[in-house]
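Working notes, beginning with the structure itself.
Predicted model only: the values in this text are computed from it and were never measured.
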Amino acid sequence: QVRLVESGGSLVQAGGSLRLSCAASGRTFSSYAMGWFRQAPGKEREFVAAIARSGSSTYYANSVKGRFAISRDMPKNTVYLQMNSLKPEDTANYYCAATIPMFQYRVYTGVGEYDYWGQGTQVTVSS
C-alpha cells in the first residue's frame, strides 16, 4: 500500500505557473505508475497527466498538452506536475494517484485504473 500527499496548490493569475508535488510513502515508489487528475465543482474527475513506472513514458490530456509536464524523482519518492501558461479553466482540485502496472512502460488514464489517491490540492487561476 502507498500513501500519497499532494502539495503546491495555490491562487495564481492567468498565464502564471505552479508546480504540484505528490510525496509517496509506504510500498516502494518505483513499483507504481502515477497520474494526476483534477476535479472542478460540479464536474467529474478528469485525467490530466500520467507517467509510467519506469518514468520513460508520459501521456497528457489534450487540454494541457504543451503546457503541463509530469515527472518523477525516484530517490525523493515524489511525482511532480509542472503547470505553465495557466488558464482560469485549469481551476480545480488536483489529485495524485498510483497503481501497480502490468508493464513498466504503460501509462493509465482512467479514474478506475488507479487504486490509491491523495487528498487533493486546490489550484485557482484568476483571470
Task: Pair listing, salt bridge (Lys or Arg N to Asp or Glu O under 4.0 Å) test, anchored in residues 86-104, at least two apart - done: Arg38-Asp90, Arg67-Asp90
TODO: Report the distance from atom OH of Tyr95 to atom CG of Leu81, rounding to the nearest 0.5 Å.
DONE: 15.0 Å
Task: Side chain Ser56, main chain Ser54, donor-acceptor under 3.5 Å - done: no
Open item on the list: Is there a path of hydrophobic side-chain contacts, each under 4.5 Å between heavy atoms of I/L/V/M/F/W/Y residues, joining Val123 to Tyr80?
Closed with: no
TODO: Would you confirm whether Thr91, through its side chain, and Val125, through its main-chain N or O, come within 3.5 Å as a donor-acceptor pair?
DONE: yes
Task: Closest non-hydrogen atom pair between Thr78 and Lys76, with its separation - done: OG1-O, 2.8 Å
Open item on the list: Show every side chain to side chain donor-acceptor pair (under 3.5 Å) that has at least one partner inside residues 7-21, sequence neighbours left out.
Closed with: Ser17-Asn84
Open item on the list: So which atom in Ala33 and which in Pro101 form the shortest heavy-atom distance, rounded to 0.1 Å?
Closed with: N-CD, 3.8 Å
Open item on the list: Donor-acceptor check, side chain of Glu6 to backbone of Cys96, threshold 3.5 angstrom: yes or no?
Closed with: yes
Open item on the list: Can you tell me how far apart OG (Ser25) and CG (Asn77) are? Round to the nearest 0.5 Å.
Closed with: 8.5 Å
Task: Pairing residues for Ala98 by the side-chain contact (heavy atoms from CB on, under 4.5 Å) criterion, not counting sequence neighbours - done: Val2, Leu4, Tyr32, Met34, Tyr116
Task: Ser57 side chain to Tyr105 backbone, donor-acceptor under 3.5 Å - done: yes
- [ ] May I ask you to check whether over 12 heavy atoms, not counting those of Lys65, lie within 6.0 Å of atom NZ?
- [x] yes
Open item on the list: Grouping I, L, V, M, F, W and Y whenever their side-chain heavy atoms are under 4.5 Å apart, do Trp117 and Phe47 come out in a common cluster?
Closed with: yes
Task: Straight-line distance of Tyr60 OH to Ile51 CD1, nearest 0.5 Å - done: 7.0 Å
TODO: Inspect the surroundings of CD in Gln119 and state if more than 12 heavy atoms from other residues, nucleotides or ligands are less than 6.0 Å away.
DONE: yes
TODO: Measure across Pro88 and Ala14 and return the closest heavy-atom pair with its distance rounded to 0.1 Å.
DONE: CD-CB, 4.1 Å
- [ ] Look up atom CH2 in Trp36 and atom CG in Leu20, then write down how far apart they are to the nearest 0.5 Å.
- [x] 4.5 Å
Open item on the list: Quick one: does any side-chain atom of Arg72 pair with a main-chain N or O of Phe29 as donor and acceptor, under 3.5 Å?
Closed with: yes
Open item on the list: Just so I know, are the side chains of Ile70 and Val79 near enough to count as touching, which here means a heavy-atom distance under 4.5 Å?
Closed with: yes
Task: Common cluster, Leu18/Val64, ILVMFWY with side-chain heavy-atom separation under 4.5 Å - done: yes
Open item on the list: Nearest 0.5 angstrom please: Asn93 CG to Phe37 CZ, how far?
Closed with: 14.0 Å
Open item on the list: For Leu11 versus Ser126, what's the shortest heavy-atom pair and its separation?
Closed with: CD1-CB, 4.3 Å
